[in-house]
K.L.:
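I'd like to ask some things about the structure below.
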Number of protein chains: 2
Amino acid sequence: MRMQDIARRLGISAMTVSRALKSDSSVAPATRAAVLKAIEELGYVPNQIAGSLSSSRSGFAAILVPSLNNPHFSETVLALGSALQDRNMQLLIGNTDYDRRKEAELIRAFLARKPEAIILTSDGHDPRILPMLAKARIPVVEIWDLPARPIQHVVGFSNQRAMRGLINALIGQGYSRITYLGEADDADTRGASRRLGYCEAMAAAGLAPRLCSIGRPPATMSDGERGLDTVLAAYPDTELVACVSDPLAFGVIAACQRRGWAVPGRMAVSGFGDFEIARIAVPAITTVQIDAAGIGREAGAIISEAFSARRDASPAAIIRAVPALPCLRASTAMAR
Amino acid sequence: MRMQDIARRLGISAMTVSRALKSDSSVAPATRAAVLKAIEELGYVPNQIAGSLSSSRSGFAAILVPSLNNPHFSETVLALGSALQDRNMQLLIGNTDYDRRKEAELIRAFLARKPEAIILTSDGHDPRILPMLAKARIPVVEIWDLPARPIQHVVGFSNQRAMRGLINALIGQGYSRITYLGEADDADTRGASRRLGYCEAMAAAGLAPRLCSIGRPPATMSDGERGLDTVLAAYPDTELVACVSDPLAFGVIAACQRRGWAVPGRMAVSGFGDFEIARIAVPAITTVQIDAAGIGREAGAIISEAFSARRDASPAAIIRAVPALPCLRASTAMAR
DNA sequence: AACCCGTATGTTATCGATAACATCGTAGGC
DNA sequence: GCCTACGATGTTATCGATAACATACGGGTT
């Protein structure tokens, strides 16, 4: 069924049907009502593929996240989705699985569908995506970090500074034998930034860095047991395990509890991200608070701005920082 | 940039470029190589919108999940995605947020883009989607339950039977004052099925059902504290809280631990779904094991079959059950 | 040598909505 | 009463790839 069919049925032209479906165009109220009624009755669904081809507006933006199974990304996605809905745009989600190659493939696949904006996590990209994105001439927003060489717009926070702030706070509490447990990251990833922040904080306090890794990202709860083994093998005198993320921290805490070790009495543990589990777990987990939904909202706002200012030939890159603050909880409470 | 531009540059026709990009069509190897080289050099990305319009193959399937923030759905999505990749199809994800109206809107929006298949969670749908889906004439797969009146294909398990099996097992362990803590579901949802299974098992054992609710889905860890309050207010003598899902169970356990109550000593708790947290938490959580990735794989297989058998005028609905077995763990261990 | 067939390629029409332009009628201003 | 302007609608061309059909060429078969 096409617009023609609706139009013929009402004795009008397809163009009028098309206009009746766009709220901003001038159609007599009676005509519009008749069109909408006919569409409803016939169960007609416009072919957006044809519409997109003709109007060269695809009506969607694409977001690529490294993992769907991450409450933060889903919050960001949700917030971004509803921000875009206000502009009548759909959000398509792609899952890169922390894999640059997969990310590049997804970008190519998405670009073929002509998205009107694209949102990436700033996690180190395949260099080949840069010319592709440049050619697409659409707003690109990197989220969840402040990359050294942004592609275009950015909404995030410095993972490095955030982790440095957390470690500083923990050193301030009196901890010194702090071991970092993270992922085997390539350079330029958010995990690598956090590790760097840890190293800086330790160095600033005159402490030697103590680094351990659980393998390739993402770090999950299930890595806690092996992570704790690794930490203890390398640094048996560890008094605090600073984890790259909350789920890993929870896993480490569970591993301690399985050994009958009190947390934080025998071993303190910190995370990153303020996932739901960090608040609910017993003990509650010391972490870095991030406004994941805020990142999504801001990204949506930037895209909106970019659309409004499209006439402008040289769109200035917008770099917007969101807060990321240490949040000390029971899992690192010092005995009095 | 269009195929024309590539073609002109090589002194060939656009059609040959098009063919060179489809692996199955006959093009001289030298020509194909030249085309691919030119495309690479120019960074040309084919316009799939035009391609879809002309070939009436959109090259994607749509999946609607109630929540992204759920490890199970992301596993299913992942598995389905890679199953479809083998057929050179992309998977677009929509988030219904446990909202029928939102689901219906998303379906309409997706159908406008002409997906080649659509996958839904069987959670009770807006009745208006049925004619829409029927008109689309594409494979529809409902996953994660065995609905009484399937739309078309189904891959799932009986949430009702699974919960009944778990409660039976717990009754077999010696529990009798089992209180169910779930969501305020509409009929036909998976949560409602589980509640029904609980009631059946209790009735079969001659026990009165003890039902509590935390409000509208999804139940999260954060609902544990209030959930426990609700349970204790209604049934103070409860010895086991049977939760609608693992995250809620974890929240209830944490709430118990905050009160200094031993789990399972003072209060036993069970979940549903075998989320990662159920294995890692201390104590490990009794639950129902489900092969989430298997559901995705099976759904992919069904879609593949449906495509192959498309010539067949009356595609028989495929109903495929996956296992869902009780898994008893420390959180409901009886004292000896 | 005539014929056939298959491979490689070109040409034309088409998918369905919409942009851009054209047209018609009428209300309101002078 | 005439002209203008705008509101409502129609007509035509277009977006870019591809299906369907057409063509050209070369090698093998008889």
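So you know, we letter chains A, B, ... as the sequences are listed, proteins then strands, and number each from 1. The structure presented is a predicted model; accordingly, all values stated were derived computationally and were not measured.
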K.L.:
Go nucleotide by nucleotide along DNA chain D from the 5' end; which of A/V27 and B/S18 gets its closest nucleotide reached first?
P.N.:
A/V27
K.L.:
Can you pull out every salt bridge (Lys or Arg N to Asp or Glu O under 4.0 Å) where at least one residue sits in residues 117-130 of chain B? Sequence neighbours excluded, please.
P.N.:
B/D123-B/R190, B/D126-B/R128
K.L.:
Hey, is B/E305 close enough to B/R320 for a salt bridge, meaning N to O under 4.0 Å?
P.N.:
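Yes, charged N to carboxylate O under 4.0 Å.
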K.L.:
Test your reading of the model: is there a side-chain donor-acceptor pair from A/E142 to the backbone of A/I151, 3.5 Å cut-off?
P.N.:
yes
K.L.:
Determine yes or no for a side-chain-to-main-chain donor-acceptor pair under 3.5 angstrom, with B/D5 supplying the side chain and B/R2 the backbone.
P.N.:
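Looks like yes, one N/O pair under 3.5 Å.
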K.L.:
Select from B/R2 and A/A14 the residue whose nearest nucleotide in DNA chain D is closer to the 5' end of that strand.
P.N.:
A/A14
K.L.:
Roughly, in whole Å, what's the span from CZ in A/R8 to P in D/dG10?
P.N.:
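The distance from CZ of A/R8 to P of D/dG10 comes to 13 Å, rounded to the nearest Å.
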K.L.:
Rounded to whole Å, please give me the gap between CD in B/Q4 and P in D/dC15.
P.N.:
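Distance, rounded to whole Å: 11 Å.
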K.L.:
From C/dA8, D/dT9, C/dA20, pick the nucleotide closest to the side chain of A/M15?
P.N.:
C/dA20
K.L.:
May I ask you to list the residues of residues 36-55 of chain B, by number, that have any heavy atom positioned under 4.0 Å from an atom of DNA chain C?
P.N.:
B/L53, B/S54
K.L.:
For A/F157 and A/W144, take the angle between the two ring planes, folded into 0 to 90°, and tell me which bin it lands in: parallel under 30, tilted 30 to 60, perpendicular over 60.
P.N.:
perpendicular
K.L.:
Has the side chain of B/R19 got a donor or acceptor atom that lies under 3.5 Å from a matching backbone atom of B/V27?
P.N.:
no
K.L.:
Can you give me the N/O atom pairs linking the protein to nucleotides 23-27 of chain C at distances under 3.5 Å, or say none if there are none?
P.N.:
none

K.L.:
Can you see if the side chain of A/T31 gets near the phosphate of D/dT9 - specifically, an N or O under 4.0 Å from OP1 or OP2?
P.N.:
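Looking at the OP1 and OP2 atoms of D/dT9, one of them is under 4.0 Å from a side-chain N or O of A/T31.
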K.L.:
Grab the CZ-P distance between A/R19 and D/dT11 for me, whole Å please.
P.N.:
11 Å
K.L.:
Atom CE of A/M3 to atom C1' of C/dG16: distance rounded to whole Å?
P.N.:
8 Å
K.L.:
Using a strict threshold of under 4.0 Å (side-chain N to carboxylate O), is an ion pair present between B/R101 and B/E105?
P.N.:
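No, no charged N to carboxylate O under 4.0 Å.
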K.L.:
Can you tell me how far C1' of D/dT9 sits from NZ of A/K22, to the nearest Å?
P.N.:
17 Å
K.L.:
Look only at the side chain of B/S58 and the backbone of B/K114, and say whether a donor-acceptor pair between them is shorter than 3.5 Å.
P.N.:
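Yes.
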K.L.:
Under 4.0 Å, heavy atoms only, any strand: does A/S13 hit a base, just the sugar-phosphate, or nothing?
P.N.:
base
K.L.:
How many Å lie between CG on A/L21 and C1' on D/dT9, as a whole number?
P.N.:
16 Å
K.L.:
Starting from C1' on D/dT23, measure out to CD1 on B/I12 and report it in whole angstrom.
P.N.:
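Nearest whole value for this atom pair: 17 Å.
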K.L.:
Can you tell me the distance, in whole Å, between the CZ atom of A/R57 and the P atom of C/dA17?
P.N.:
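Between P of C/dA17 and CZ of A/R57: 17 Å.
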K.L.:
Tell me whether the side-chain N/O atoms of B/S26 come closer than 4.0 Å to OP1 or OP2 in C/dG6.
P.N.:
no
K.L.:
Is the side chain of A/E116 donor-acceptor paired with the backbone N or O of A/G59 at a distance under 3.5 Å, no angle test?
P.N.:
yes
